[in-house]
Amino acid sequence: MTKSELIENLKSKLDCLSADDVAAAINAALGLMREKLAQGERIEIRGFGSFTLHDHPPRLSRNPKTGAPVEVGARRIPRFKPGKALRERVNSARQDERQFLNGTADEKCQT
């Protein structure tokens with residue numbers, strides 16, 4: 001799902017808001033999340049997951065074309081860890097899909 005698809009989906013569920021209002025709310029939320037991660041803070045959304053930063057120390061690497069050593073500087077990488085409710089929801093959907101594909105699911109579409 002892209003950001004524009006998210007805006008359209010939310011707009012269809014929230015008839016009282018315009019597409020511009022929904023887009024502004026999503027942009028504000030994502031901007032705040034970017035700002036807090038840049039400040040080194042952890043973001044936790046209950047039932048969804050958490051965003052954390054992981055520090056990678058500087059290291060010596062190699063240029064794959066020339067083989068020359070290249071120093072890669074320290075960096076911080078954002079990571080997402082799904083929450084328990086999200087993991088369970090994704091896994092149960094996958095299990096339901098497997099059952100349907102294997103023919104063991106309830107046949108709701110019989111004619």
**OP:** Measure the CZ-NE2 distance between R76 and H54 for me, rounded to the nearest 0.5 Å.
**Re:**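 Here the rounded value is 11.0 Å.
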
**OP:** Could you grab the distance from atom CD of E41 to atom CE of M33, nearest 0.5 Å is fine?
**Re:** 12.5 Å

Would the number of heavy atoms belonging to other residues, nucleotides or ligands and lying under 6.0 Å from [atom1] of [X] be above 12?
X	atom1	result
R89	CZ	no
R42	CZ	yes
E71	CD	no

Can you confirm whether [X] sits close enough to [Y] that some side-chain heavy atom of one is under 4.5 Å from a side-chain heavy atom of the other?
X	Y	answer
V72	L60	no
V90	E88	no
R75	I77	yes

Original post:
Are the side chain of D21 and the backbone of L17 linked by a donor-acceptor contact shorter than 3.5 Å?
Top reply: no

Original post:
Just by modelled atom types, is the G73 backbone N or O under 3.5 Å from a matching donor or acceptor in the R59 side chain?
Top reply: no

[X] and [Y]: which non-hydrogen atoms are nearest, and at how many Å?
X	Y	answer
L37	L53	O-CD1, 3.0 Å
K11	S18	CD-C, 3.8 Å
F80	L86	CZ-CD2, 4.1 Å
I7	V22	O-CG1, 3.8 Å

**OP:** State yes or no: do M1 and I45 share one hydrophobic cluster built from I, L, V, M, F, W and Y residues joined by side-chain heavy-atom distances below 4.5 Å, directly or via other members?
**Re:**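 Result: yes, single cluster for both.
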
**OP:** Decide whether L32 and L30 are clustered together by the hydrophobic rule: side chain heavy atoms of Ile, Leu, Val, Met, Phe, Trp, Tyr closer than 4.5 Å, transitively.
**Re:** no

**OP:** Kindly indicate, with the supporting measurements, whether the criterion salt bridge (charged side-chain N to carboxylate O under 4.0 Å, His left out) is fulfilled by K3 and E5.
**Re:** CA-CA 5 Å; K3 188 163 80 167; E5 290 172 340; over 6 Å; no

